[in-house]
J.: 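The following block contains the structure, expressed as structure tokens.
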Amino acid sequence: MMKLNRRNFLQGIGATTVFAGLSGLVPGVANAQSAGAHPGLLAKRNGTIKYHSCLRNCAARCLLKFRVQDGRMTYVTGAEEQAKTGTAPCLKGQSYVQYTYAPDRILHPMERAGKKGEGKWRRISWEEAYAKISSRLQQVIDEHGSEAILPYSYSGNYGAIGMSASGERFWNRIGSSILERKVCTYAAYDGLESLYGTFLGPDPEDIMLSDVYVTWGHDEVVSNAIAIKLINKARDRGTKLLAVNPQRTPLCSQADVYLQPKPSTDVQLAAGIMKYLVEHDLVDHKFIAEQTIGYDALLERLNELSYDDIERITGVPRAKMFEFARVLGENEKTLLRMGYGFQRNYNGARMSRAVAMLLAVTGNFGKRGNGLIYDNVQAGGGLNQYLASGKYMRKNKDAQRINMTELAKAIHPTHPTSHDKPSKPIHAMIIYNGNPVVVAPDTNAVIEGMKREDLFVVGHDMVMTDSLDYCDIIVPAASQFETSDIVGDYHGYYTQVCEKVIEPLGESKCNWTFFRELGQAMGFEDEAFQASNDDIIRELLDTDSPDYKGVTYERLMKEKFVKLDIPQPILADGKYDTPSGKIEFSSQMMADAGFHPVLDWGLPEEEMEPKERELPFRLLSSGVPQRVNSSFYNVQYIRNIPAYYVKIHPNDAAKHGVKDNDQITLSNHRGEATFVAMVTTGVGEGTLMAPKCNWIRLNPNGKNGCTNSLTTDKLTDMGGCSAYHSTRVALAKV
């Protein structure tokens with residue numbers, strides 16, 4: 001029995017106070033009533049229950065339960081009836097009440113009353129806003145053609161309607177330029193398809209059958225928190241955990257074997273692991289003979305690199321590499337989770353291909369508990385977006401395409417380009433579901449383009465972001481909880497409801513209401529612009545996809561979530577969607593793209609211009625657990641959690657006289673930004689990490705920049721993906 005004294009008595013009071021203060025956010029406080037919790041906090045947990053899925057850009061897709069009292073959202077928990085979610089969402093999910101009722105929400109339309117960037121606005125009505133927007137868009141079409149109009153959006157609202165169907169109906173009908181939303185995953189699509197013909201993977205719940213789980217270039221804590229539960233359950237059953245990441249994530253710290261390579265050296269690292277597997281006869285000869293081609297070419301290529309070369313290039317000690325290889329080769333079933341971040345490099349497709357080869361040489365395809373999970377889009381991809389997005393309405397199917405990563409180039413004041421070629425100038429842009437000033441790379445160049453007086457910009461958002469500073473008209477967006485939608489998982493195989501939780505605040509409108517009414521203001525009489533959200537949901541579910549057999553509107557609304565019955569295991573028939581029908585260790589697709597057909601040793605530094613290549617540090621701009629891209633920066637309970645820091649290795653810090661909490665400025669030819677130093681072995685020597693997509697206006701270290709003031713807008717080797725992490729910087733202590 002603990003002896004009670006003044007010190008531990010006061011500590012107990014402090015702990016109780018803190019716990020009580022958080023009890024409105026944390027679900028499932030044990031014995032709250034008997035502990036004397038505030039009755040007002042308990043009352044928040046009462047009310048009507050509405051089910052709504054988290055629509056942030058995180059593979060998890062938690063199903064949430066909101067309590068509503070007198071039309072007001074009061075409390076949120078996870079939907080415990082869905083095993084993958086359980087009772088407790090992450091910090092971001094727990095903050096959704098504060099997110100929705102944020103004091104800085106925009107509630108009325110506004111028109112710019114000064115120069116772009118001055119922050120001067122006057123309130124207008126929706127009728128005025130629609131009249132001004134539709135008139136200006138029509139003027140642009142008359143003078144420059146419809147391709148002079150560009151949408152900018154991505155994943156601020158990931159609903160099937162909110163992200164895709166709503167805006168795309170309008171853009172297809174008007175015939176705008178086509179925005180290539182390839183910022184996230186597309187390099188690995190090509191890399192994986194060059195090897196085994198698909199990027200779709202097995203059910204992540206199959207980890208319970210796996211001997212080994214490999215997390216490669218991924219941080220489950222940031223973008224897939226519910227996977228941690230599966231991983232921990234599997235480890236309790238004896239599953240080994242292997243981790244590869246240039247930044248030591250929480251899961252890396254718990255791994256049985258952790259490799260910390262220099263950024264973008266994954267091809268060489270994978271080659272070293274395969275060399276060991278081959279030399280120690282830990283490969284699956286039967287699988288290789290029956291289901292692959294080009295194995296002799298792989299062996300020849302592996303012999304070109306020595307272990308000395310691999311150690312020097314990757315920075316990984318061979319003993320650790322060999323230990324990793326032994327665990328991989330001596331176990332039968334391996335599930336590999338490959339992250340999105342590491343393929344955002346100039347050599348992203350080539351690295352993705354090399355990592356997947358590990359499973360090919362060990363025969364870890366086509367059996368339960370085996371395979372590679374990257375982007376399981378079966379649920380979302382099976383919906384009928386052709387109908388719901390109105391693709392049938394687009395007449396100019398050959399309209400120019402603008403890669404969203406190259407936004408700064410597309411809106412350049414004098415010489416617009418796209419895909420390294422001159423492009424038609426953009427004269428109008430509507431921003432929704434996005435914050436391009438801090439999400440797109442090369443922030444300063446984006447701002448320069450958005451400052452153009454001849455570029456008419458409309459912003460549809462909930463709060464005043466850095467991008468809205470450069471708009472001509474701002475219209476208030478409803479939160480995802482103020483409309484109805486559905487969503488597909490992209491980690492597992494779930495489709496879920498997004499019930500309307502509350503009515504829109506102020507004069508805010510959801511994405512579909514905005515685009516439907518704007519279309520009507522433009523004179524569109526198409527039936528598509530009369531549809532309700534429920535009508536569009538029915539269209540989305542009107543699909544020929546075999547994965548959606550038996551999934552009806554009525555069933556989904558009743559059950560709230562459906563796990564699609566996708567045949568398992570993936571690739572069980574040993575047939576691959578490649579030219580040969582087999583896994584291709586030697587790929588003509590790679591050769592046609594200008595790379596070595598087996599393994600390409602090229603590194604990003606080789607493609608950088610000299611003034612960047614010579615800078616001392618490689619900059620990683622990773623996600624952080626408390627935000628998703630540029631979302632949640634304004635939320636009260638999250639705002640003070642640091643997101644303006646730079647991780648730096650102790651040896652590098654010592655060389656530059658940097659200590660914890662010192663202000664440091666990073667710079668290159670694109671710009672500069674000031675952060676606070678965090679000295680840690682979480683990054684290797686020569687590598688820095690600053691959180692991605694942080695805002696300029698909220699940077700406590702000065703409003704001179706953000707992380708993306710520094711990043712490159714050059715595209716990846718294949719797929720047209722972003723290459724944020726192929727960036728180098730200089731460092732100076734403030």
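Hydrogens, waters and symmetry mates play no part in the numbers below; they use all other heavy atoms, side chains included. All residue numbers in this chain count up from 1 along the given sequence. Computed from a predicted model, the values in this text were never measured in an experiment.
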J.: For Cys721 and Val183, which heavy atoms make the closest approach, and how far apart are they?
T.: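 Where Cys721 meets Val183 most closely, the heavy atoms are SG-O, 3.6 Å.
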J.: Is there side-chain contact between Val437 and Leu468, with at least one heavy-atom pair below 4.5 Å?
T.: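 They are not in contact (no side-chain heavy atoms under 4.5 Å apart), so the answer is no.
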J.: Report the C-alpha distance between Ile447 and Ile696 in whole Å, list the side-chain angles of each, state the deciding distance to 0.1 Å, and finish with yes or no for side-chain contact (heavy atoms from CB on, under 4.5 Å).
T.: CA-CA 12 Å; Ile447 291 174; Ile696 298 172; 4.2 Å; yes
J.: Does any donor atom in the side chain of Thr185 or Tyr340 lie under 3.5 Å from an acceptor atom in the other side chain?
T.: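 No donor-acceptor contact under 3.5 Å links the two side chains.
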J.: Tell me, do Pro579 and Glu584 make a side-chain contact under 4.5 Å, heavy atoms counted?
T.: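 When only atoms from C-beta onward are counted, Glu584 and Pro579 do touch, with a gap below 4.5 Å.
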J.: Any chance you could measure Lys424, atom NZ, to Ser418, atom OG, to the nearest 0.5 Å?
T.: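 Lys424 NZ to Ser418 OG: 11.5 Å, rounded to 0.5 Å.
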J.: Under 3.5 Å, is there a donor-acceptor pair between the side chain of Asn396 and the main chain of Gly175?
T.: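 Answer holds: yes.
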J.: State, with a plain yes or no, whether a side-chain heavy atom of Thr716 is found less than 4.5 Å away from one of Arg344.
T.: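 Answer no - side chains too far apart.
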J.: Within a radius of less than 6.0 Å around NE2 of His415, do more than 12 heavy atoms belonging to other residues, nucleotides or ligands occur?
T.: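 For His415, atom NE2 is not crowded (no more than 12 foreign heavy atoms under 6.0 Å).
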J.: What is the distance from atom CG of Leu137 to atom CD1 of Ile149, rounded to the nearest 0.5 Å?
T.: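 Separation between the atoms: 4.5 Å.
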J.: Indicate whether any N or O donor in one side chain lies under 3.5 Å from an N or O acceptor in the other, for Thr443 and Asn708.
T.: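 Checked: Thr443/Asn708 side chains show no N/O donor-acceptor pair below 3.5 Å.
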J.: Does Phe456 reach the side chain of Val458, with side-chain heavy atoms less than 4.5 Å apart?
T.: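 In contact.
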J.: Side chain of Asn511, backbone of Gly162: donor and acceptor closer than 3.5 Å?
T.: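 Yes, the answer is positive, given that a donor and an acceptor are paired below the 3.5 Å cut-off.
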J.: Are the ring centres of Tyr432 and Phe514 closer than 6.0 Å?
T.: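 Not under 6.0 Å, so no.
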J.: Flag yes if more than 12 heavy atoms outside Lys115 fall under 6.0 Å of its NZ atom; otherwise flag no.
T.: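 No - once you tally the heavy atoms of other residues, nucleotides and ligands closer than 6.0 Å, there are 12 at most.
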J.: Looking at His419, is its backbone amide N or carbonyl O close enough to the side chain of Glu406 to form a donor-acceptor pair, meaning the two atoms are under 3.5 Å apart?
T.: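 Yes, Glu406 side chain to His419 backbone: donor-acceptor pair under 3.5 Å.
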J.: Is there a donor in the side chain of Glu448 and an acceptor in the side chain of Asn444, or the other way round, less than 3.5 Å apart?
T.: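 Side-chain D/A pair, Glu448 to Asn444: absent.
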J.: Check whether any side-chain N or O of Arg613 sits under 3.5 Å from a backbone N or O of Glu605 as a donor-acceptor pair, and report yes or no.
T.: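 Checked: pair present.
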J.: Counting heavy atoms not belonging to Lys421, are there more than 12 under 6.0 Å from its NZ?
T.: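 Open.
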J.: Is the charged tip of Arg169 near the ring of Trp512: under 6.0 Å from the six-membered ring centre and within 45° of its axis?
T.: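 Arg169 over Trp512 ring: yes.
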J.: I would like to know whether Thr405 and Leu715 meet side-chain contact (heavy atoms from CB on, under 4.5 Å); could you show each step before the answer?
T.: CA-CA 8 Å; Thr405 298; Leu715 303 180; 3.8 Å; yes
J.: Nearest 0.5 Å please: distance from the NE2 atom of His725 over to the CD atom of Gln343.
T.: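 One finds 8.5 Å between NE2 of His725 and CD of Gln343.
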J.: Any sub-3.5 Å donor-acceptor pair from Asn668's side-chain atoms to Arg728's backbone N or O?
T.: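 Indeed, once roles are kept as given, a pair shorter than 3.5 Å links the two residues.
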J.: Is it true that atom CG of Asp420 has more than 12 heavy atoms of other residues, nucleotides or ligands lying nearer than 6.0 Å?
T.: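 No, not enclosed.
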J.: Quick test of your reading of the model: are Lys714 and Glu612 salt-bridged, counting only N-O distances below 4.0 Å?
T.: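 The answer is no: the pair does not qualify as a salt bridge.
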J.: Checking side-chain contact (heavy atoms from CB on, under 4.5 Å) for the pair Val463/Tyr633: CA distance, chi angles, key distance, verdict?
T.: CA-CA 10 Å; Val463 296; Tyr633 273 85; over 6 Å; no
J.: Quick test of your reading of the model: are Asp469 and Arg697 salt-bridged, counting only N-O distances below 4.0 Å?
T.: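 Salt bridge flag = yes for Arg697 with Asp469.
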J.: Closer than 4.0 angstrom, basic N to acidic O: yes or no for Arg301 and Glu304?
T.: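 Looking at Glu304 together with Arg301, the answer is yes, because their closest N to O distance falls below 4.0 Å.
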J.: Keeping the roles fixed (side chain from Lys451, backbone from Lys116), state whether a donor-acceptor pair exists under 3.5 Å.
T.: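 No, the answer is negative, given that no donor and acceptor are paired below the 3.5 Å cut-off.
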J.: Answer yes if the side chains of His427 and Glu143 hold a donor-acceptor pair under 3.5 Å, and no otherwise.
T.: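 No.
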J.: Look at the side chain of Ser194 and the backbone N and O of Gly191, then say whether any donor-acceptor pair between them is shorter than 3.5 Å.
T.: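 Yes: the side chain of Ser194 pairs with the backbone of Gly191.
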J.: Which atoms form the tightest heavy-atom contact between Ala59 and Tyr490, and what is the distance?
T.: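 Taking every non-hydrogen atom into account, N-OH, 3.3 Å.
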J.: Going by heavy atoms in the side chains, are Ser621 and Thr711 under 4.5 Å from each other?
T.: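 With C-beta onward as the side chain, the pair touches.
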J.: Is the closest side-chain donor-acceptor distance between Ser389 and Gln385 under 3.5 Å?
T.: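 On atom types as modelled, these side chains qualify, holding a pair under 3.5 Å.
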J.: Looking only at side chains, do Tyr374 and Ser352 share a donor and an acceptor under 3.5 Å apart?
T.: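 Judged by distance alone, the side chains do not pair up.
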J.: For the residue pair Thr215 and Glu220, confirm or rule out a side-chain donor-acceptor distance under 3.5 Å.
T.: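 Yes, side-chain donor-acceptor contact under 3.5 Å.
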J.: Side chains of Ser586 and Val598: closer than 4.5 Å at any heavy-atom pair?
T.: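 Side chain of Ser586 against side chain of Val598, heavy atoms only: contact under 4.5 Å found.
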J.: When rounded to the nearest 0.5 angstrom, what distance separates OG in Ser166 from CG in Asn157?
T.: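 With rounding to 0.5 Å, OG (Ser166) is 7.5 Å from CG (Asn157).
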J.: Taking atom CD1 of Ile402 and atom CG of Leu179, what is their separation to the nearest 0.5 Å?
T.: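 Output value for this atom pair is 8.5 Å.
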J.: Is the shortest side-chain heavy-atom distance between Tyr196 and Leu372 below 4.5 Å?
T.: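 The answer is yes; the side chains approach within 4.5 Å.
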J.: For the backbone of Ser177 and the side chain of Gln400, can you confirm whether one donor and one acceptor N or O come within less than 3.5 Å of each other?
T.: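 No, because the side chain of Gln400 does not come within donor-acceptor range (under 3.5 Å) of the backbone of Ser177.
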J.: Show me the side-chain donor-acceptor pairs of residues 260-273 shorter than 3.5 Å, one per line, residues at least two apart or across chains.
T.:
residue : atom : partner : partner atom : Å
Gln260  : NE2  : Pro246  : O            : 3.1
Gln260  : NE2  : Tyr258  : OH           : 3.4
Gln260  : NE2  : Gly682  : O            : 3.2
Lys262  : NZ   : Arg312  : O            : 3.3
Ser264  : OG   : Asn345  : OD1          : 3.1
Ser264  : OG   : Arg618  : NH2          : 2.5
Thr265  : OG1  : Lys262  : O            : 2.7
Asp266  : OD2  : Trp216  : NE1          : 2.8
Gln268  : NE2  : Trp601  : O            : 3.0

J.: Are any side-chain N or O atoms of Asn245 and backbone N or O atoms of Gln247, one a donor and one an acceptor, separated by less than 3.5 Å?
T.: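 Flag set: sc Asn245 to bb Gln247 pair under 3.5 Å.
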J.: Heavy atoms, side chains only, cut-off 4.5 Å: are Leu455 and Ile426 in contact?
T.: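 They are in contact (side-chain heavy atoms under 4.5 Å apart), so the answer is yes.
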J.: Find the distance between CG (Leu710) and OG (Ser667) and round it off to the nearest 0.5 Å.
T.: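 OG of Ser667 is found 7.5 Å from CG of Leu710.
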J.: Indicate whether the side chain of Asn694 and that of Tyr645 have a donor and an acceptor atom separated by less than 3.5 Å.
T.: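 Tyr645 and Asn694 do not have a side-chain donor-acceptor pair below 3.5 Å.
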J.: If the threshold is 4.0 Å, N to carboxylate O, is there a salt bridge linking Asp190 and Arg353?
T.: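 No salt bridge links Asp190 with Arg353.
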J.: Is it true that a side-chain atom of Thr707 and a backbone atom of Lys692 form a donor plus acceptor pair closer than 3.5 Å?
T.: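 Side chain of Thr707 to backbone of Lys692, a donor-acceptor pair under 3.5 Å: no, none is there.
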